[in-house]
Amino acid sequence: MKKSDKKTNSLQYNKIYCGNSLELLKKLPNNFIDCIVTSPPYWALRDYKVKGQLGLEPNFDNYINKLCDIFDEVKRVLKDEGTCWVNIGDTYYTKSGGSFLNDALTSKTRIKKIGINRANVIRGQGLLEDKNLTLVPFRFALEMQKRGWIIRNVIIWHKPNCMPTSVKDRFTVDFEYLFFFVKSKKYYFEQQREPHKLESLSRITSKWDGHREPGSSFQGMNIKKMCHPDGRNKRCVWNISTSSFRGAHFAVYPPELIEIPIKAGCPKNGIVLDPFIGSGTTAIVCKRLERNYLGFDINKEYCKIARERINAK
């Protein structure tokens with residue numbers, strides 16, 4: 001394992017810093033962070049009304065390049081054995097108030113508040129035929145691959161309580177993506193388990209009944225390992241309800257979504273960095289799970305909200 005370089009670290013962990021993520025990342029030494037957990041602003045979705053904000057680039061290629069430039073710095077500060085988890089959603093290339101995934105955007109007040117009008121402008125440049133799904137998450141993942149990241153999993157965050165939509169010519173979208181990246185082939189990972197499914201246990205038992213002694217191998221598999229008492233290896237579709245926060249920041253992922261990555265991808269007392277920390281959910285989960293945190297956000301109002309939420313815990 002490489003030690004962090006001799007560059008002076010001017011930032012302290014267990015703090016929230018307000019500013020441009022790319023510039024703040026440059027203040028961190030190499031190989032310093034154990035784990036990245038974040039959800040960057042989605043492209044052409046909302047106007048955060050902050051100079052230098054990410055997400056309102058004139059086209060999605062500009063957005064992807066700008067976002068991946070930030071993750072180039074993330075890769076530098078992440079330890080060789082570190083892990084990186086990125087939640088990112090998609091957008092329809094449709095110039096209308098109801099074009100964003102799973103949002104009931106009928107109120108003029110709400111449209112003005114979250115900046116849909118400005119987002120509509122950049123989704124009216126003719127980059128794609130109207131009504132197309134932009135596939136931004138895939139574009140992001142492929143560019144990350146080109147820049148040397150290893151993609152270990154594409155996790156589906158299924159939202160059982162997703163908002164209904166009024167569309168009649170497609171299916172309602174009830175999921176988002178969570179990408180699991182690493183920078184080297186050997187990395188820290190603590191296996192996470194979930195309960196065995198009854199039908200799976202029955203199927204395994206029927207294969208063994210009357211054929212083999214318990215614990216013996218069958219086609220290279222070991223029945224005791226397959227039926228671990230703590231459950232099976234966790235799958236890639238996570239059913240987690242969305243959560244809301246009565247603050248100024250309206251893009252909040254549920255704590256349950258990032259508990260799993262933090263437990264799996266960061267050792268206790270390690271440092272988790274969220275370069276787009278928003279209302280501070282990542283930091284709150286880190287405190288509860290005995291991990292250190294470091295958070296950046298360009299919006300001063302969100303930084304204030306995050307600090308207040310963290311101090312209240």
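In what follows, residues are counted from 1 in the order of the sequence shown.
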*Within a reach of under 6.0 Å around CD of E129, are more than 12 heavy atoms found that belong to other residues, nucleotides or ligands?*
no
_Treating D34 as the side-chain partner and I271 as the backbone partner, does any N or O pair qualify as donor plus acceptor under 3.5 Å?_
yes
_When you measure from the side chain of N87 to the backbone of S39, do you find a donor-acceptor pair of N or O atoms at a distance under 3.5 Å?_
no
*Steps toward salt bridge (Lys or Arg N to Asp or Glu O under 4.0 Å) verdict (E23, K26)*: CA-CA 5 Å; E23 297 307 314; K26 292 176 180 178; 3.7 Å; yes
*asked:* Can a donor-acceptor pair be found, under 3.5 Å and without considering hydrogens, that links the side chain of H196 to the backbone of H228?
replied: yes
*Taking the six-membered ring of F60, is the NZ or CZ of R139 close enough (under 6.0 Å from the centre) and on axis enough (within 45°)?*
yes
_Side chains of C68 and M144 in contact at under 4.5 Å (non-hydrogen atoms)_ = yes
*Any side-chain heavy atom of Y302 sitting closer than 4.5 Å to one from V50?*
no
_Taking I284's backbone N and O only, do any of them form a donor-acceptor pair with R309's side chain (distance below 3.5 Å, no angle check)?_
no
*Sub-3.5 Å donor-acceptor pair from the side chain of Y293 to the main-chain atoms of N14, do we have one?*
yes
*Does L142 share a hydrophobic cluster with I150, counting links as ILVMFWY side-chain heavy atoms below 4.5 Å and allowing steps through other members?*
no
*With under 30° as parallel and over 60° as perpendicular, where do the rings of F296 and Y17 fit, or are they tilted in between?*
perpendicular
*Closest non-hydrogen atom pair, N20 against G52*: ND2-O, 4.3 Å
*Between K159 and D174, is the closest basic N to carboxylate O distance under 4.0 Å?*
no
*Any link between F175 and I151 through a network of hydrophobic side chains (Ile, Leu, Val, Met, Phe, Trp, Tyr) touching at under 4.5 Å?*
yes
*Would you call R76 and E73 a salt bridge, using N to O less than 4.0 angstrom?*
yes
*List the atom of S243, the atom of P254, and the distance in Å for their closest heavy-atom pair.*
OG-CA, 3.3 Å
*Are any non-hydrogen side-chain atoms of V86 and L178 less than 4.5 angstrom apart?*
no
*Heavy-atom pair of closest approach, residues I310 and G280*: CG1-O, 4.4 Å
*Over all heavy atoms of both residues, which pair between A44 and L56 is shortest? Give the atoms and the distance, please.*
CA-CD2, 4.5 Å
*Start with the C-alpha distance between R307 and D297, add both sets of side-chain angles, then the distance that settles salt bridge (Lys or Arg N to Asp or Glu O under 4.0 Å), and finish with yes or no.*
CA-CA 11 Å; R307 293 182 186 116; D297 204 278; over 6 Å; no
*What are the two closest heavy atoms between F276 and P41, and how far apart are they?*
CD2-CD, 3.7 Å
*Okay, side chain of N65, backbone of D61: is any donor-acceptor separation there less than 3.5 Å?*
yes
_Connected via hydrophobic side-chain network under 4.5 Å: V272 and Y188_ = no
_I need the I298 CD1 to L54 CG distance, nearest 0.5 Å._
8.5 Å
*Would K304 and K300 satisfy side chain to side chain contact (heavy atoms under 4.5 Å, CB included), going step by step from the backbone distance to the final call?*
CA-CA 6 Å; K304 180 182 177 183; K300 291 182 179 180; over 6 Å; no
*Are any side-chain N or O atoms of W157 and backbone N or O atoms of I240, one a donor and one an acceptor, separated by less than 3.5 Å?*
yes
_Tell me whether the rings of W43 and Y93 are parallel (<30°), tilted (30 to 60°) or perpendicular (>60°)._
parallel
*Y177 and F179 aromatic ring geometry - parallel, tilted or perpendicular at 30°/60° bounds*: parallel
_Given 3.5 Å as the limit, does a donor-acceptor pair link the side chain of S241 with the main chain of N161, or not?_
no
*Can you tell me how far NZ of K234 sits from CD1 of I260, rounded to the nearest 0.5 angstrom?*
4.0 Å
*Would K186 and E81 pass as an ion pair if we require N to O under 4.0 Å?*
no
*Taking the side chain as C-beta and beyond, is there a heavy-atom pair between D274 and I36 under 4.5 Å?*
no
*Between K131 (side chain) and Y92 (backbone), is there a donor-acceptor pair under 3.5 Å?*
no
_Validation row: N292, C286 side chains within 4.5 angstrom (heavy atoms)_ = no
_Near-ring test F71/F181, centroid separation under 6.0 angstrom_ = no
*Backbone N/O of K75 and side chain of K183: donor-acceptor pair under 3.5 Å*: yes
*asked:* Would you say that T281 contacts I258 through its side chain, given a criterion of any heavy-atom pair below 4.5 Å between the two side chains?
replied: yes
*Do T165 and T172 pass the side chain to side chain donor-acceptor pair (under 3.5 Å) test, and can you show the C-alpha distance, the side-chain angles, and the key distance before you say yes or no?*
CA-CA 7 Å; T165 59; T172 297; 3.3 Å; yes
_In one Ile/Leu/Val/Met/Phe/Trp/Tyr side-chain cluster, 4.5 Å: V237, F138_ = yes
*asked:* For a quick check under 3.5 Å, do D90 and T134 share a side-chain donor-acceptor pair by atom type?
replied: yes
*Report the distance from atom SG of C236 to atom CD1 of I155, rounding to the nearest 0.5 Å.*
6.0 Å
*Is there side-chain contact between Q192 and E194, with heavy atoms separated by less than 4.5 Å?*
no
*Can S184 and D80 be counted as having a side-chain donor-acceptor contact under 3.5 angstrom?*
no
*To the nearest 0.5 Å, what is the distance between SG (C18) and CD (E301)?*
10.5 Å
*Measuring from Y63:OH to T91:OG1, what's the distance to the nearest 0.5 Å?*
8.0 Å
*Cationic N near anionic O, under 4.0 Å, K66 to E57*: yes
*Hey, what do you get for CD1 (I33) to CG (L273), rounding to the nearest 0.5 Å?*
5.0 Å
*What side chain to side chain donor-acceptor pair (under 3.5 Å) pairs are there with at least one residue in residues 258-270, not counting sequence neighbours?*
E259-R288
_Residues forming a side chain to side chain donor-acceptor pair (under 3.5 Å) with K287, sequence neighbours excluded_ = none
*Please report the shortest heavy-atom distance between G265 and C35, naming the atom on each side.*
O-CB, 3.7 Å
*side-chain contact (heavy atoms from CB on, under 4.5 Å) with L294: which of I16, L28, L24?*
L28
_Side chains of I156 and R235, heavy atoms from C-beta outward: is any pair under 4.5 Å?_
no
*Under the side chain to side chain contact (heavy atoms under 4.5 Å, CB included) criterion, do V285 and I262 qualify, and how do the steps go?*
CA-CA 8 Å; V285 174; I262 291 173; 3.8 Å; yes
*Residues R147, Q145; criterion side chain to side chain donor-acceptor pair (under 3.5 Å); working and verdict*: CA-CA 5 Å; R147 298 191 185 206; Q145 251 184 355; over 6 Å; no
*Does the side chain of T282 pick up a donor-acceptor pair with the side chain of Y253 at under 3.5 Å?*
yes
